[in-house]
Amino acid sequence: MLKLGKPPPLYKPLQIQFSLSSSSSRSFFMSSINALHSPSATSLHPSILVFSGGTAFNGVVEELKKLTTSVAHVLPVSDDGGSTAEIVRVLGGPAVGDIRSRCLRLSDESTSEALAVRTLLGYRLPLDAREAKLEWYGIVEGEHPLWKDVSKPYRETIRSFLAYFQSQILKRTNESFCFSNGSIGNFFFAGARIFFQSLDAAIFLFSRVSQIPSESLVLPVISTNDRLTLGCELWDGTIIRGQNEISHPTCGSLQPIDKVNSSLLPSRIKRVFYMSSEGSNLLHEVFPTVNPSVLEQLRNVDCVIYGMGSLFTSICPSLVLLGVGEIIASRSCAKVLLLNGTYDRETSGFSASCFVTAITDALNRTYGHLNKRLKNNPSEYINTVFVPKDGQIPVDIKCLAAQGIVQVVHVKSMHDPKVGIVYEPTSLIQALDDLLSGCTNTQS
C-alpha cells in the first residue's frame with residue numbers, strides 16, 4: 001500500500017491515498033473527474049475554450065493565466081510522432097504528448113518543489129538509445145538528480161506510475177521499447193492511463209501532481225483508451241495516413257522536427273478524418289464520439305478560440321466531430337481565430353479567408369458525414385480574426401467581409417528563430433481582454 005502523508009507546507013496537499021493493486025483507487029479518481037469537468041460557478045473572469053495543438057499555443061499560456069484561469073484547453077489525441085509514437089507502438093492507446101505538453105505549461109512553478117516536479121515531468125532522455133535506457137533506470141529507481149527537490153510524498157506518487165509504466169513494457173516480451181528522446185511526463189501519463197484504464201483519470205492525476213489551477217481544464221477531444229489514427233484527403237485524391245506524415249514527415253527520425261521547412265504537399269488538403277489503426281484508405285474511415293465534457297464546456301464559455309498552430313492536424317481534428325459545429329454555431333459569444341504568422345506544410349499559399357474556409361468546412365463536415373453535414377455560414381463559427389503584425393499570411397479583407405467577418409484585429413508580433421513570426425504574448429492577451437471587455441459591455 002502506498003499511502004501519501006502530509007506534504008511540506010510549500011506545496012498544497014494532494015489528498016490522494018491509493019494502492020496500485022486496488023480497485024478503490026480507480027473508483028476514487030473516476031468519481032473525482034466528474035466534479036472536475038462540471039461547469040464552474042459564475043466568475044468575474046471570462047471563461048474561454050481553446051482549440052489548439054500541443055506546441056504553438058503554449059507560448060501564450062502563461063500570459064493567458066494572468067487574464068483568466070477559467071480556460072478549457074481542448075487537444076487532439078492523434079499525434080503519432082516522437083516518443084508518443086513509441087508508447088503507442090508498444091502499449092497502444094491514445095497519444096498523450098500534446099496533453100502532457102499543455103499540462104506542463106499550466107503547472108505551478110512558484111516554489112522550488114513545484115519547479116522540480118515540472119522539470120522532472122518535462123525532462124527528455126538522451127537521443128542515444130543506450131544512454132537513454134541507463135538514465136531511465138536511474139530515474140525510475142529514484143536515484144537521478146532530478147528527484148533532488150521533490151519531497152517523499154510526491155516522489156512516491158510519481159515513481160509508482162513510472163514503475164507501473166516500466167512493468168507494462170516488460171510484459172510486452174515481443175516488443176523492445178526504445179527510450180531514445182523519451183519524455184518522462186509521457187511515461188508517467190501512460191502509466192497512469194493504463195492503471196486507471198481512463199485518459200480522463202490520468203489527466204486528473206497529472207493535474208493534481210503538477211498543481212494546475214483547479215478551474216483550468218485540459219480536455220482530450222476524444223476520451224478513449226484506444227489508438228486513434230488521423231488521415232487526410234488531398235484535393236488531388238491522395239490519402240495520407242498519420243498526423244506526422246501529414247504535417248512533418250520525419251522518416252522515423254527522433255530528431256527535433258521542423259514544421260516550417262518541411263517539404264510541400266503535392267496538393268492542398270481537402271479534409272482530415274479519423275481512420276482505423278490499420279487502415280489506409282477512405283474505406284477505413286471511422287467516426288469517434290466527441291468527449292462530452294468538450295460539448296458541456298462549449299455550451300457555457302464566454303469565448304471560443306481557434307488557436308494558432310497546425311491548422312489541419314492540430315485544430316481541425318477537434319472540429320470535425322459530430323456535435324461540435326452544432327453548438328458553436330448556436331452560441332452568440334466571441335469566436336476568435338488566431339491567424340498563424342508563418343506558412344507551414346499544411347497551409348502553403350493560404351490567405352486569411354482560406355483558414356476561415358478550412359475551419360468552416362471542418363465544423364460543417366462539408367466533405368464527410370454524408371447524412372450529417374451542416375450548412376452554416378463562416379460568420380456563425382468565427383466573428384473575429386486576430387492577425388500578427390508582419391506575418392506571412394495575407395489578410396484578404398474583402399474576402400473575409402464576404403464571409404461575414406468584419407472584425408480584424410492586428411496584434412504586435414515578435415520573431416521566433418525556430419518558427420518565424422509569432423504573437424507577442426502580452427499584446428495578444430491584452431487584445432483578447434479588450435475584445436472580451438467590449439463583448440461584456442455590449443451584452444450587459
task: Report yes or no: does Tyr423 contribute a side-chain atom to a donor-acceptor pair with the main-chain N or O of Phe57 at less than 3.5 Å?
output: no
Spatial distance of atom NZ (Lys270) from atom CZ (Arg268) [nearest 0.5 Å]: 15.0 Å
message: Between Phe287 and Tyr274, is the ring centroid distance below 6.0 Å?
response: no
query: Donor-acceptor pair, Gln211 side chain versus Arg208 backbone, under 3.5 Å?
result: yes
message: Could you tell me if the side chain of Asn225 sits less than 4.5 Å from the side chain of Gln197, heavy atoms only?
response: yes
query: Which heavy-atom pair separates Asn383 from Cys333 by the least distance, and what is that distance?
result: ND2-O, 3.1 Å
- prompt: Testing Leu311, Thr238, Ile246, Thr313 for side-chain contact (heavy atoms from CB on, under 4.5 Å) with Ile269, which one passes?
  reply: Ile246
field: Tyr123 and its side-chain hydrogen bond (donor to acceptor under 3.5 Å, both in side chains) partner, picked from Glu135, His144, Arg118
entry: Glu135
message: For Phe195 together with Phe161, are the ring centres under 6.0 Å from each other?
response: yes
query: When rounded to the nearest 0.5 angstrom, what distance separates CG in Asp344 from CD in Gln392?
result: 10.0 Å
task: Looking only at non-hydrogen atoms, find the nearest pair between Leu199 and Ile222 and report the distance.
output: CD2-O, 4.2 Å
query: Between Ser223 and Asp200, does any side-chain donor sit less than 3.5 Å from a side-chain acceptor?
result: yes
query: Within a reach of under 6.0 Å around NZ of Lys65, are more than 12 heavy atoms found that belong to other residues, nucleotides or ligands?
result: yes
field: side-chain contact (heavy atoms from CB on, under 4.5 Å) partner of Val71, chosen from Leu217, Leu106, Leu64, Val301
entry: Leu64
message: Just checking Phe177 against Trp136, ring centres under 6.0 Å apart?
response: no
- prompt: Are the side chain of Gln168 and the backbone N or O of Phe165 linked by a donor-acceptor pair below 3.5 Å?
  reply: no
Under 3.5 Å donor-acceptor, Asp128 side chain and Glu131 backbone: yes
Any side-chain heavy-atom pair of Leu432 and Ile305 under 4.5 Å: yes
Short side-chain to backbone donor-acceptor contact, Asn376 and Ala329, under 3.5 Å: no
field: Exercise: identify the closest heavy-atom pair between Ile184 and Leu120
entry: CB-O, 3.4 Å
Side-chain ion pair, Arg89 and Glu175, N-O less than 4.0 Å: yes
message: Would you call the rings of Phe51 and Tyr306 parallel, tilted or perpendicular, taking 30° and 60° as the class edges?
response: parallel
- request: Can you spot which of Arg365, Lys372, Arg331 makes a salt bridge (charged side-chain N to carboxylate O under 4.0 Å, His left out) with Glu326?
  value: Arg365
Donor-acceptor contact below 3.5 Å, side chain Ser101 vs main chain Gly54: yes
task: May I have the step-by-step check of side chain to side chain contact (heavy atoms under 4.5 Å, CB included) for Val356 and Leu400, ending in yes or no?
output: CA-CA 8 Å; Val356 172; Leu400 288 174; 3.8 Å; yes
query: Where the side chain of Thr68 meets the backbone of Pro46, is there a donor-acceptor pair that is under 3.5 Å apart?
result: yes
message: Tell me whether Ser413 contacts the main-chain N or O of Lys389 through its side chain, where contact means a donor paired with an acceptor under 3.5 Å.
response: yes
message: Angle between ring planes, Phe312 versus Phe350, binned at 30° and 60°: parallel, tilted or perpendicular?
response: perpendicular
- line: Nearest heavy-atom contact between Ile240 and Leu265 is CD1-CD2, 3.6 Å
pair Gln243-Ser310: side-chain heavy atoms closer than 4.5 Å: no
query: Below 6.0 angstrom between ring centroids: does that apply to Tyr164 and Phe187?
result: no
